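Only one structure is covered here, and it is reproduced in the block below.
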Amino acid sequence: MNMRKILIANRGEIARRIIRTAHAMGIETVAVYSDADANAQHVREATQAVCIGPAAASESYLVIDKIIDAAQRTGADAIHPGYGFLSENATFAEACAGAHIVFIGPPPAAMRAMGLKDQAKKLMKIAGVPVVPGYQGDDQTLDRLTRAATAVGYPILIKAVAGGGGKGMRRVDAIQNFAAELRSCQGEADRSFGNAVVLLEKYVAEPRHVEIQVFADSHGNVVHLFERDCSVQRRHQKIIEEAPAPGLSDAMRKAMGAAACQAAKAIGYVGAGTVEFIVDTSQPEYSYYFMEMNTRLQVEHPVTELITGLDLVEWQIRVARGERLPKLQNEITQSGHAIEVRLCAEDADSTFLPSVGTLKRLRFPSAARVDSGVAEGDDITPWYDPMIAKIITHAPDRMSAIEKLLSALDETIVDGVKTNRAFLARVLGTDSFREARITTAFIDRHAAMLKPPEQVPARVFALAALAIITPHVHSSKKHHSPWLALGGWRVNLPEARSVMLSSHMAVPAKITLTRCASRYQIDGLGLPLSAHAKWCSDTVLEADLDGQMIRSVLLVSDTKVEVRIWGQTFLLNRPDRQVSAASAMAENGEVKAPMPGRVLDVAVKPGHFVEVGDLLATMEAMKMEIRVVAPAAGTIRQIHARTGQQVSDGQLLFEIDITEKS
Ligand code: ADP
Ligand code: ADP
Ligand code: MG
């Protein structure tokens with residue numbers, strides 16, 4: 001059939017992903033958007049766009065009538081639901097059919113068959129696919145469920161049959177907690193999914209999550225596109241996915257592929273789907289069990305695309321047009337290894353709490369596939385998923401793919417929201433991940449190791465100091481600021497320069513760099529180091545430290561230096577620069593206002609002795625609170641600042657008698 005225009009009932013990266021393929025196939029697109037997404041990238045990129053209501057998804061992206069109406073008004077002949085939202089909603093698929101619009105997804109009956117986890121498990125059992133031992137009966141009384149739990153044996157998992165996205169699950173370790181956890185799970189299931197029915201499953205200790213990508217057409221062909229390992233999860237949600245799954249025997253991969261195709265056939269499946277398995281690794285002979293089927297395109301589909309060289313969205317569209325699968329099983333091959341990380345706006349060091357804000361700076365890596373829904377200047381709002389981008393690399397082998405991904409993460413810059421970037425890099429850097437010892441318990445198990453580093457090695461201080469004093473060769477206009485220029489060598493500077501750096505806990509280090517021919521001698525870090533450094537780009541510094549060549553990413557700002565190296569991110573403060581590097585004070589002990597503003601508080605009195613970096617005053621300027629700190633150690637001679645005073649740029653605030661330190 002002919003398909004001229006596709007409406008995408010979604011937003012963010014997946015909407016853009018679908019638009020990309022549709023346009024490449026010569027098909028026009030219609031974006032839908034909520035008020036919160038009026039300026040979103042997917043709206044700009046689609047051929048047409050229709051506003052479908054307020055920010056809350058329940059009043060826009062989840063309203064079937066509004067979406068069907070938008071499709072009819074724009075003359076779209078098909079709807080792609082993406083993932084999440086209405087993608088697994090059979091009623092929506094039926095509404096599309098009722099309006100003579102092609103739903104790019106499986107038949108509603110197949111969605112229903114897999115929609116509830118208990119029904120799906122029953123079906124799979126009949127089809128001969130192994131399922132996790134458990135209870136999926138209709139009798140939901142406390143008494144019956146308690147007896148079932150005892151029969152299955154603790155620990156068990158209570159799962160909402162309508163659950164998804166890691167919600168509506170409770171692990172129970174002993175019978176005395178069962179009743180309470182059951183009630184809590186039923187409550188959450190009712191609130192989130194409008195269905196309080198649960199099933200019980202044997203809790204598989206430290207399992208792996210391995211899933212099979214399947215594809216079927218309306219001519220009876222069913223194939224699989226190999227597996228993905230998605231074991232690295234937080235809160236039962238995936239954050240790292242890869243293909244192929246490391247360490248599985250060929251026999252097992254074949255058997256799982258066949259079981260997945262069997263599952264798809266059993267329900268008359270058409271289109272893209274994923275059969276999720278849980279793999280029990282507690283015995284040398286791994287066993288696998290069907291967990292659920294996702295009747296849609298998966299977030300992590302890019303890793304499969306990279307190892308197979310196929311475009312899964314193109315396949316979805318072709319199948320929806322009634323075409324045969326472009327390839328049959330024996331024509332589908334895989335090569336190399338692909339890994340994806342989900343870069344999210346969240347605080348990985350504090351229970352992965354989502355972080356909202358404006359993406360003041362956003363730079364993505366050049367040597368990786370990046371699927372993102374946002375651009376610099378866009379907002380991460382509290383309304384939707386906090387995913388900023390998926391970053392995916394492909395290489396001949398797993399280790400090279402990991403290395404490539406680590407470099408890609410080092411190159412990634414996000415300012416304005418907290419992200420899990422450094423956390424993801426730390427995961428990729430662990431020995432356990434590299435040796436593919438991964439289970440769904442990975443993050444909990446390695447929690448201590450995955451914390452931000454506390455100790456900052458001397459070499460990291462040295463790199464930061466070198467970065468501060470090494471001038472950029474190709475400093476572009478955009479990055480030219482008078483403050484940054486202060487960081488480079490100036491014409492009349494002495495042959496030795498000092499740089500103040502402090503890590504979050506320790507006292508600041510005074511690092512002195514003395515020029516000797518083309519190198520520097522670096523003092524102040526214990527043993528003296530001999531170094532040479534040059535910038536390879538505006539963020540990549542190549543340094544030779546005592547003969548060891550080190551390439552690292554350094555983000556130097558007025559007040560901080562971020563060093564990314566060895567899979568770790570180190571943050572150093574520049575205590576002498578906390579005043580925005582504005583007032584060229586230091587030498588004569590004069591401290592001036594870094595910008596016009598109001599003095600909020602004066603923290604010192606005449607005669608006080610201050611160390612470098614000690615707080616002198618706080619100011620409010622440009623709606624920010626700014627700390628004015630001591631540029632050098634010494635005694636406060638005179639104070640010109642008063643609380644509440646309005647000061648102009650460069651106005652004298654303090655005079656310090658600088659103490660000469662030997
Ligand atoms: P995948 O296996 O593709 O990672 P998930 O179950 O994590 O699938 O869901 C994919 C996306 O769909 C998620 O990123 C989330 O935005 C959305 N989603 C899935 N289930 C829910 C849910 N119950 N509530 C809200 N969003 C959901
Ligand atoms: P959702 O619909 O929320 O994706 P799933 O049934 O796919 O729910 O399970 C999500 C995750 O929970 C799995 O990837 C796995 O990490 C964990 N999990 C699910 N079932 C079990 C089980 N029986 N034992 C241990 N962990 C499980
Ligand atoms: Mg799942």
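Nothing fancy with the numbering, it's 1 onward along the sequence. From a predicted model like this one, the values you see are computed outputs, not experimental measurements. Every number for a ligand or one of its atoms is a count from 1 in the order of the listing.
Side-chain contact, Asp311 with Thr21: a donor N or O sits under 3.5 Å from an acceptor N or O. No side-chain donor from either of Arg208 and Thr440 sits under 3.5 Å from a side-chain acceptor of the other. No side-chain donor from either of His446 and Thr430 sits under 3.5 Å from a side-chain acceptor of the other. There is no side-chain donor-acceptor pair under 3.5 Å between Gln568 and Arg426.
Counting the atoms of ligand 2 from 1 in the order shown, those under 4.0 Å from a heavy atom of Thr440 are 16 (O). Here is the list of ligand 2 atoms found below 4.0 Å of a heavy atom in Gly166: 1 (P), 3 (O). For ligand 2, the atoms closer than 4.0 angstrom to any heavy atom of Lys202 are 22 (C), 23 (N), 24 (N). Atoms of ligand 2 found under 4.0 Å from any heavy atom of Glu292, numbered from 1 in the order shown, are 1 (P), 2 (O), 4 (O), 5 (P), 7 (O), 8 (O). Close approach of ligand 2 to His236 (heavy-atom distance below 4.0 Å) involves ligand atoms 12 (O), 17 (C). Below 4.0 Å from some heavy atom of Met169 lie the following atoms of ligand 2, by number and element: 9 (O), 10 (C), 11 (C), 12 (O). Heavy-atom contacts of Val204 reach the following atoms of ligand 2: 22 (C), 24 (N), 25 (C) (cutoff under 4.0 Å). In the vicinity of Tyr203, heavy-atom distances shorter than 4.0 Å reach the ligand 2 atoms 24 (N), 25 (C), 26 (N).
The atom name of the N/O/S atom in Glu292 closest to the Mg ion (ligand 3) is OE2. The atom of Glu276 nearest to the Mg ion (ligand 3) is OE1, with the search restricted to N, O or S atoms.
The only member of Tyr289, Tyr288, Tyr286 that meets ring pair (Phe, Tyr, Trp, His ring centres under 6.0 Å) when paired with Phe277 is Tyr288.
Figure legend: Arg112 and Phe92 shown without cation-pi pairing, the cationic atom not lying both under 6.0 angstrom from the six-membered ring centre and within 45 degrees of its axis.
Nearest to atom 8 (O) of ligand 2 by heavy-atom distance, out of Lys159, Lys117, Met291, is Lys117. Among Leu199, Val131, Ile278, the residue whose heavy atom lies nearest to atom 27 (C) of ligand 2 is Ile278.
Between Ile339 and Val303, the shortest heavy-atom distance links the atoms C-CG1, 3.8 Å.
Checked against the 6.0 Å centroid criterion, the rings of Tyr61 and Tyr384 qualify as a close aromatic pair. Between Phe423 and Phe352, the ring centre distance stays below 6.0 Å.
With a 4.0 Å heavy-atom cut-off, ligand 2 is reached by the side chain of Gln233 but not by its N, CA, C or O.
Contact analysis leaves Arg171 out of contact with ligand 2, as no non-hydrogen atom separation drops below 4.0 angstrom.
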